[in-house]
Amino acid sequence: MSIPKTYLPKEIEDKWYNYWLDHAFFRSIPDEREPYTIVIPPPNVTGVLHMGHMLNNTIQDVLIRRARMKGKNSCWVPGTDHASIATEAKVVAMLKDRGINKKDLTRPEFMTYAWEWKEKYGGIILEQLKKLGASCDWDRTRFTMEDDLSEAVIDTFIHLYNKGLIYRGIRMVNWDPQGKTAVSDEEVIRKEVNQKLYYIRYKVSGSEYQVASSESNQSNDLIPDTQYLTIATTRPETIMADAAICINPNDARYFHLHGKKVLIPLINREIPVILDEYVTMDFGTGCLKVTPAHDLNDYELGQKHNLPVIDILNDDGTLNENAKILIGEDRFAARKKIAVLLEADGYLEKVEDYTSQIGFSERTDAVIEPKLSMQWFCKMDEMAKPALDYVLKGEIKLIPDKFINTYRNWMENIKDWCISRQLWWGQQIPAWYLPDGRFVIAKTREDAFEQAKNLKSQISSLKSEDLKQDEDVLDTWFSSWLWPISVFDGFKDPNNADIDYYYPTNDLITAPEILFFWVARMIMAGHEFRGQAPFRNVYLTGIVRDKLGRKMSKSLGNSPDPLELIEKYGADGVRVGMLLCSPAGNDLMFDESYCEQGRNFANKIWNAFRLVKGWDVDATLPNDNEVAIDWFRSRFNQALIEIEENFGQYRLSEALMTTYKLVWDDFCAWYLEMIKPAYQKPIDSETYDATIRFFEDVLRILHPFMPFISEELWHDELFGERAEYNCCIVAQIPTSGEINTQLLSEVEIIKQLISQVRNIRNSKQISPKEALTLSVKANSAISYKAYEQVIKKLANISSVDFVVEKLQGATNFMVSTDEFYIPLTENIDPVAEISRLKKDKDYLLGFLKSVNAKLTNERFMSNAKPEIIEVELRKKDDAEAKLKIIEEGLSALAE
RNA sequence: GGGAGUUUAGCUCAGCUGGUUCAGAGCAUCUGCCUUACAAGCAGAGGGUCACUGGUUCGAACCCAGUAACUCCCA
């Protein structure tokens, strides 16, 4: 036989992927069929395929392929996200390599470089997805910054502004000093960090003239120091921005400070001591430095107490002239230096170790600086309500549903969305400023000019060139929240055939970490612009972790290269590997051995094919495999129902496992072994034909999981001539037929019987080649005669006798209540036999006791459901029957 | 600090409305096999105080309360 012994996926995968592409099997255009639509969560253009993508896209492809094979018009829309911060960072880095500084470029020049970069390096990830077998409709590939989609973003901004949902305001934002942009709360990663807590003394202003005893406070000994108060801070470099010291009005230790002022060390600026119950008395010293410009809570406290805001930091995190000292130093360098200065002047009381949560930028990993700045915001509460309702009413299902609570919690406490970013790569905010500072919102300069002219008390000499467009761009999510609509041009042309047909989409497959960034906002946009949710089900995948439970990341180096995995195990093997370890919504502990298991499975299928391929047919032979054929048909139909149910509940790994066991155990290990002709003997045509049909059906159910090997085998001449478009990818998933449950349960008994015989061989070291004889004493209603062929073949039995008496001197075993005997030339050890039977007897007696205890318990008899009692009675009968047989065996041995 | 979740075999997970023979699967492990499809394989075996403590019930992995450990989200 010239077919290789192991399955070699490499050239097969390329061959079939190209074939599918050439024959436009991924292409979807609206027709009379029911649509099944998924829009891809657009990966960043800067992205390279990582394990998270592998999981996510494998799941999408399985669902898409299965829907296609169920006769639906499957449409999987691919595309990429322009990812402003990440991409701009890459472009800036590229320019730096070429010796170009972004600062020296004009905005249009920079954008030219950026597009150049995008064309060259962007979207590699989509090419990589093809290796996985992703059956996306590539003709529909979109990019969130292409013209139509950008236009949709701008129109959306204008629409929401006119509705009063977008406003401009000074807010404390999360400032990324490295990316020099504001980032949203969701883009801030909090990490536990070891820090220092500095205890710093502030001199009480004019304290040298005060005499402690002149205070009404009697307990002078409680006053730690009348000259100083001490505060604790992790950020000593911000003391120059202090606006006040705050104490709790109930704090007895500090009554003497009420109404006083203190001096900031080193710069000697006077600030008041204010009172607020906000301060926790038992944290630090009970004195809190209030720094409105550099801390969110302090800012709010400052607003309440009308404190000035003194910003001492530049955009890049260095100190500015407001700081008076250490101007130009980076905030972290300044922290160290100021500690030294404070120490030198005796202001530093002590330093303690301290751990706390600090925010880091998701994109640049820089420590986030709270910063006051003028930003654009989108009001959320009005839009959040309907978006929450979709999920609570079940119009959108979250899978698994444990995320509903999380979703609700977030939506009910939602804050306004900061949508401006201080970058160039992205959609520039369509706000146009007049020389007097007022602004208008318009799509073009011309529109803006028209509007500006109509503003009240506008000087008549205003020229179009006087308008200055806002420098900022919009947050990337402000374009991706439109994705399910914009990919079908639902903004440009709201009633076009595509959007009417494909929207709302069916399933969204994404990671729980972007449930709020993206999923929630898409629901808002779907409601706002289409009056309909953008999808019906949201399948939330887990996070791919390594074996030790650590998140896979570049910096840890614990993430395998997906393309290398595909190279090593084949795309089908990797797909199976991903799914095997991924129950819905749970994180998955990925390990390469899962891919190995997938590869082995592909190999198993390959070899089953080699077996069948090697058979010769003799049409004159009778069919003596009817039982096997009927059994497998029933078993297959039964498995189909299970698989269908698993898919219905989005239990993909279980659907795969059911398929895996059906193919490996039922089809290969049992069915093929049952019908396999003896070496170099032909097979009858009826069995052969049935087997070919079964194999074809097996390929159909395998296809969504393992598209390549199933397509490859599908086209083998074994299955007859195939027309050009007769491909597994568009074959129909078989529908379940009749299930003979009696046959299924009887075959389970026969399998046990065969296992028992093999077990005896194993324990008595009898070669599988040596044929044995079997005597059957049937006490049940099963007709063993019908299974004689199967038993003979799989247990290597030369003859089966049906007896009514026990067989003496033979080794025996029981299956259900039927008895079986195998006469052995070898001697039987009566002692061992007796001890084995006694063990069984003891077990049965104990079991019977517990059953009887139930049956004689009046409360059980009166409370339990009748069918439960019936079950107990049957258990009792069964056990008693078995016990009787064992007793007989024991007394026979005793003779 | 507030909220949610998890804990079942060495590992990853099922276990539905509390009730089939004192918990199932896959992988891994052990034993024996290169048996003419497959050693990426075949046959067989072992492996569990269902986190802990109480409670409800005729009956608890499952329901309730508490404890512990871990994870995530928000502040």
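Each chain gets a letter, A, B and so on, in the order the sequences are listed, and its residues count up from 1. Small disclaimer: the values here were computed from a predicted structure and weren't measured. In what follows, every heavy atom counts, from backbone to side chain, and hydrogens, waters and symmetry copies are set aside.
Ranking G19(B), G44(B), A37(B) by closeness to the Asn759(A) side chain, first place goes to G44(B). When each of C27(B), G15(B), C58(B) is scored by its nearest atom to the side-chain atoms of Arg651(A), the top-ranked nucleotide is G15(B). Candidate nucleotides G44(B), A37(B), A25(B) were compared by shortest atom distance to the side chain of Arg758(A), and G44(B) ranks first. Side-chain proximity of Leu611(A) to U12(B), A40(B), A37(B): nearest is A37(B). Nearest to the side-chain atoms of Asn857(A) among the listed nucleotides A40(B), C58(B), A37(B) stands C58(B). For Asn607(A), the listed nucleotide lying nearest its side chain is A37(B); candidates were A45(B), A37(B), G5(B). For Thr6(A), counting side-chain heavy atoms from C-beta on, the closest listed nucleotide (A40(B), A43(B), G5(B)) is A40(B). For Phe860(A), taking side-chain heavy atoms from C-beta onward, the closest of the listed nucleotides G41(B), G44(B), G19(B) is G19(B). Looking at the side chain of Tyr679(A), the nearest of the listed nucleotides G44(B), C73(B), U36(B) is U36(B). When the nucleotides G41(B), G3(B), G5(B) are ranked by their closest atom to the side chain of Lys604(A), G41(B) comes out on top.
Across C22(B) and A61(B), the matching C1' atoms stand 13 Å from one another, rounded to whole Å. Taking atom C1' on both A14(B) and C27(B), the two are 14 Å apart, rounded to the nearest angstrom. The gap from the C1' atom of A65(B) to that of U57(B) amounts to 16 Å, rounded to the nearest Å. Distance noted for atom P between G48(B) and G5(B): 31 Å (whole Å). The P atoms of G47(B) and C30(B) are separated by 16 Å, rounded to the nearest whole Å. Here the separation of A39(B) from C50(B), taken at their C1' atoms, is 36 Å to the nearest Å. Taking atom C1' in both A45(B) and G55(B), the straight-line distance is 41 Å, to the nearest Å. Spacing between A9(B) and U53(B) at atom C1', rounded to whole Å, works out to 24 Å.
Side-chain N/O atoms of Trp664(A) include one lying less than 4.0 angstrom from OP1 or OP2 on C42(B). Put simply, Asn603(A) has no side-chain N or O that comes within less than 4.0 Å of OP1 or OP2 on G41(B). When the side-chain nitrogen and oxygen atoms of Lys5(A) are compared with OP1 and OP2 of A39(B), one or more of them lie within a distance under 4.0 Å. Taking 4.0 angstrom as the limit, Arg859(A) places a side-chain polar atom (N or O) nearer than this to OP1 or OP2 of C58(B).
Contacts of Asp878(A) with the nucleic acid, taken as non-hydrogen atoms under 4.0 Å apart, include base atoms. Counting non-hydrogen atoms under 4.0 angstrom, Ser763(A) reaches nothing in the nucleic acid. Among the protein residues, Arg874(A) comes within range of the nucleic acid bases, having at least one heavy atom under 4.0 Å from a base atom. Using a 4.0 Å heavy-atom cutoff across all strands shown, Asn762(A) reaches at least one base atom of the nucleic acid. Among the heavy atoms of the strands lying under 4.0 Å from Lys769(A) are primed sugar atoms or P, OP1, OP2 only; no base atom is included. Residue Lys661(A) is classed as a sugar-phosphate contact, given heavy-atom separations below 4.0 Å to backbone atoms only. Glu654(A) comes within 4.0 angstrom of sugar-phosphate atoms only, judged by non-hydrogen atoms across all strands, and of no base. Nucleic acid contact for Trp615(A): none, since no nucleic acid atom lies under 4.0 Å from a heavy atom of the residue. The residue Arg599(A) sits close to a base: some heavy atom pair falls under 4.0 Å. Glu673(A) comes within 4.0 angstrom of a base, heavy atoms only. Among the atoms of the strands shown, base atoms are found under 4.0 Å from some heavy atom of Tyr843(A). Asn863(A) comes within 4.0 angstrom of a nucleotide base, judged by non-hydrogen atoms across all strands.
Between Asn413(A) and Asn409(A), the residue anchored nearer the 5' end of RNA chain B, judged by the nucleotide with its closest heavy atom, is Asn409(A). If you find the closest nucleotide of RNA chain B to Lys882(A) and to Gln756(A), the one lying nearer the 5' end belongs to Lys882(A).
Using modelled atom types, one finds no donor on one side chain facing an acceptor on the other under 3.5 Å when comparing Asp818(A) with Ser816(A). Side chains of Asn812(A) and Glu819(A): no donor on one and acceptor on the other come within 3.5 Å. Thr817(A) and Asp878(A) form no side-chain donor-acceptor contact under 3.5 Å, judged by distance and modelled atom types alone. In the model, Gln752(A) has no side-chain atom that pairs as donor or acceptor with a side-chain atom of Glu748(A) under 3.5 Å. A side-chain donor from one of Glu592(A) and Tyr569(A) sits under 3.5 Å from a side-chain acceptor of the other. A side-chain donor from one of Asn625(A) and Thr687(A) sits under 3.5 Å from a side-chain acceptor of the other.
Atom OH in Tyr660(A) sits roughly 14 Å away from atom C1' in U12(B) (whole-Å rounding). In this structure, Met861(A) atom CE and G19(B) atom C1' are separated by 14 Å, rounded to whole Å. Atom CD in Glu592(A) sits about 15 Å away from atom C1' in C27(B), given to the nearest Å. Spacing between atom CG of Asn852(A) and atom P of C22(B) amounts to 17 Å, rounded to whole angstrom units. Note: CG (Leu794(A)) to P (G44(B)) measures 11 Å, nearest angstrom. Whole-Å rounding puts the Gln597(A) CD to C13(B) P distance at 14 Å. Per the geometry, CG belonging to Asp665(A) stands 9 Å off P belonging to A43(B), to the nearest Å. In this structure, CG of Leu672(A) is placed 17 Å from C1' of U35(B), rounded to the nearest angstrom.
Nucleotide U12(B) forms a pair with A25(B), judged by Watson-Crick or G-U wobble geometry with both contacts under 3.5 Å. Across every strand in view, U7(B) sits in a pair with A68(B) that passes the Watson-Crick or G-U test at under 3.5 angstrom. Pair check for G46(B) finds none; no Watson-Crick or G-U wobble contact set falls under 3.5 Å. The base-pairing partner of C33(B), taking Watson-Crick or G-U wobble contacts with both distances under 3.5 Å, is G41(B). Base pairing analysis places C62(B) opposite nothing; no Watson-Crick or G-U wobble pair with both distances below 3.5 Å involves it. Base pairing of U20(B): no nucleotide in any strand meets the Watson-Crick or G-U wobble criterion (both distances under 3.5 Å).
Screening Phe695(A), Trp664(A), Phe632(A) for a ring pair (Phe, Tyr, Trp, His ring centres under 6.0 Å) with Tyr671(A), the sole residue that qualifies is Phe632(A).
Ion pairing of Lys613(A) with Glu717(A) is present here, as a side-chain N (NZ or NE/NH1/NH2) and a carboxylate O approach within less than 4.0 Å. Using a 4.0 Å cut-off between a side-chain N of Lys or Arg and a carboxylate O of Asp or Glu, Asp666(A) and Lys661(A) do not qualify as a salt bridge.
In this structure the side chain of Asp689(A) never reaches within 4.5 angstrom of the side chain of Val617(A), judged on heavy atoms.
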